[in-house]
Amino acid sequence: MNVGPSGFNNAPVTRALVIACTIFTIIFGVRGRGNQLGWSYQDIFQKLQIWKLIISAFTFSSTPELVFGLYLLYYFRVFERQIGSNKYSVFLLFSFVVSLLLEVLALQLIKDPSLSILSGPYGLIFSSFVPFYLDIPVSTRFRLFSLHFSDKTFIYLAGLQLLFSSWKRSIVPGLCGIIAGCLYRLNFFRIRRVKFPEFVTSFFARLSWSSTGNLPPPSAPARNASGNVPVFAGRQMEGNFPAPVSSTPEPPEDAISVLVSMGFDRNSARQALIHSRNDVNIATNVLLESQSH
């Protein structure tokens, strides 16, 4: 499993989200109000503290949750690279709204006055576990004390840590986020066809890159008919690779299949493996880096 180049290359929306969560958590954490940002049914519908819905969506209640949450948000930037910043923005907004509505419904059904929803972007994080489970292939397996693990195990463990960090206060938003991810996957209300105006994603690009003094990366490559994964033309990829290394053996079929399952066309995957000496991780980096050329 490899998520491509390090940093926020081709992921301006993720960068803006991570920065927002960090700033909000530091501001309210310094004031000691992190644990007070959780909202309950009474807070919204009786006290009308609507501001809690917005603030709590970007503020983690403790430092450990901030660390695990930012780690997962940073890792899930791979989905923004796959579907593009525009569609990823739609995915985040859909996940936020749907998970929020489900949380309100859950509080109404549970009818526990003492129960409040834990603050933090749990709906956004756990909705991303749906495409993570379905779309990200396992590239490495290993055994530890007679137990079988894969390179995806650590992501699941970080998610479980967040899910059970505060028992019902974290389980409820986590499960609501998973349901929101499933509804997006099922194309509920044809949400996967929705796109924001281009100035929205351009705003995130300018916002996230202005601090570095660099220009935003070039636009994402063309995508297939479903608009979900990038498509790389074989001739274009050939121009990006040097001459083949004659001593490199033919790439194994399972390695090609791993790259194809990530959205790369077969010919580009084969060439990348040849020039990376059949190293799947290096080949993935090469293919993802080609998006910016």
Side-chain angles (χ1 to χ4, degrees), residues 1-27 29 56-93 95-96 99 118-140 150-163 165 170 173-174 177-178 180-181 184 201 204-205 207-212 214 216-217 220 229-230 262-263 281 284-285 287-289 291-292:
M1 180 182 62
N2 191 288
V3 296
S6 60
F8 293 97
N9 184 35
N10 293 331
V13 176
T14 301
R15 179 187 176 96
L17 179 60
V18 168
I19 293 175
C21 290
T22 303
I23 293 176
F24 274 78
T25 302
I26 291 176
I27 291 176
S56 64
F58 299 99
T59 308
F60 290 97
S61 60
S62 67
T63 301
E65 291 164 3
L66 173 66
V67 173
F68 283 102
L70 293 186
Y71 169 71
L72 291 172
L73 288 174
Y74 178 76
Y75 175 84
F76 289 144
R77 75 197 187 282
V78 63
F79 301 125
E80 182 176 359
R81 290 170 174 170
Q82 287 182 346
I83 65 178
S85 298
N86 197 313
K87 284 184 175 292
Y88 189 68
S89 301
V90 174
F91 170 74
L92 292 182
L93 180 61
S95 300
F96 170 73
S99 61
L118 190 66
S119 65
Y122 286 86
L124 308 182
I125 292 174
F126 284 96
S127 63
S128 299
F129 272 97
V130 177
F132 173 75
Y133 174 76
L134 296 173
D135 296 336
I136 301 298
V138 173
S139 59
T140 304
S150 72
D151 49 354
K152 297 177 66 173
T153 301
F154 301 104
I155 305 299
Y156 288 125
L157 290 177
L160 288 175
Q161 168 63 29
L162 276 183
L163 186 64
S165 60
S170 55
I178 293 175
Y184 182 87
T201 51
F204 282 111
L207 177 66
S208 60
W209 285 89
S210 59
S211 61
T212 62
N214 297 327
V229 293
M262 297 178 67
N281 292 333
T284 306
N285 285 341
L287 289 166
L288 287 172
E289 282 287 1
Q291 297 182 39
S292 58

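What you see is a predicted model; the values in this text were computed from it and never measured. Residues take their numbers from the sequence shown, with the count starting at 1.
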> side-chain contact (heavy atoms from CB on, under 4.5 Å) between Asn9 and Arg81: does it pass, once the steps are laid out?
Replying inline: CA-CA 8 Å; Asn9 184 35; Arg81 290 170 174 170; 3.9 Å; yes
[atom1]/[X] to [atom2]/[Y] distance, rounded to the nearest 0.5 angstrom?
X	Y	atom1	atom2	answer
Leu162	Leu157	CG	CG	11.5 Å
Leu17	Arg77	CG	CZ	13.5 Å
Tyr122	Ser56	OH	OG	11.0 Å
Ile27	Thr59	CD1	OG1	8.5 Å
Leu92	Ser85	CG	OG	10.0 Å
Ile125	Leu73	CD1	CG	4.5 Å

>> Do Ser150 and Thr153 have side chains that approach each other closer than 4.5 Å (heavy atoms only, starting at C-beta)?
In response: yes
>> Does Phe91 form a side-chain contact (heavy atoms from CB on, under 4.5 Å) with Leu124? I'd like the steps, not just the answer.
In response: CA-CA 9 Å; Phe91 170 74; Leu124 308 182; over 6 Å; no
> Passes side-chain contact (heavy atoms from CB on, under 4.5 Å), Phe58 versus Thr25? Steps please.
Replying inline: CA-CA 7 Å; Phe58 299 99; Thr25 302; over 6 Å; no
>> Treating Ser119 as the side-chain partner and Phe60 as the backbone partner, does any N or O pair qualify as donor plus acceptor under 3.5 Å?
In response: no
For [X] and [Y], work out which heavy atoms get closest and say how close.
X	Y	answer
Ile136	Gln82	CD1-NE2, 4.1 Å
Phe79	Ser128	CE1-O, 3.6 Å
Cys21	Leu66	O-CD1, 4.4 Å

> Hey, do the aromatic rings of Phe129 and Phe126 have their centres closer than 6.0 Å?
Replying inline: yes
>> Using the rule given for side-chain contact (heavy atoms from CB on, under 4.5 Å), can you reason through Tyr184 versus Val130, listing the C-alpha separation, both sets of side-chain angles and the distance that settles it, and then say yes or no?
In response: CA-CA 9 Å; Tyr184 182 87; Val130 177; over 6 Å; no
> For Ser127, what residues pass the side chain to side chain donor-acceptor pair (under 3.5 Å) criterion, not counting sequence neighbours?
Replying inline: Ser95
>> So, using side chain to side chain donor-acceptor pair (under 3.5 Å) as the criterion, who are the partners of Thr14 when residues are at least two apart?
In response: Glu80
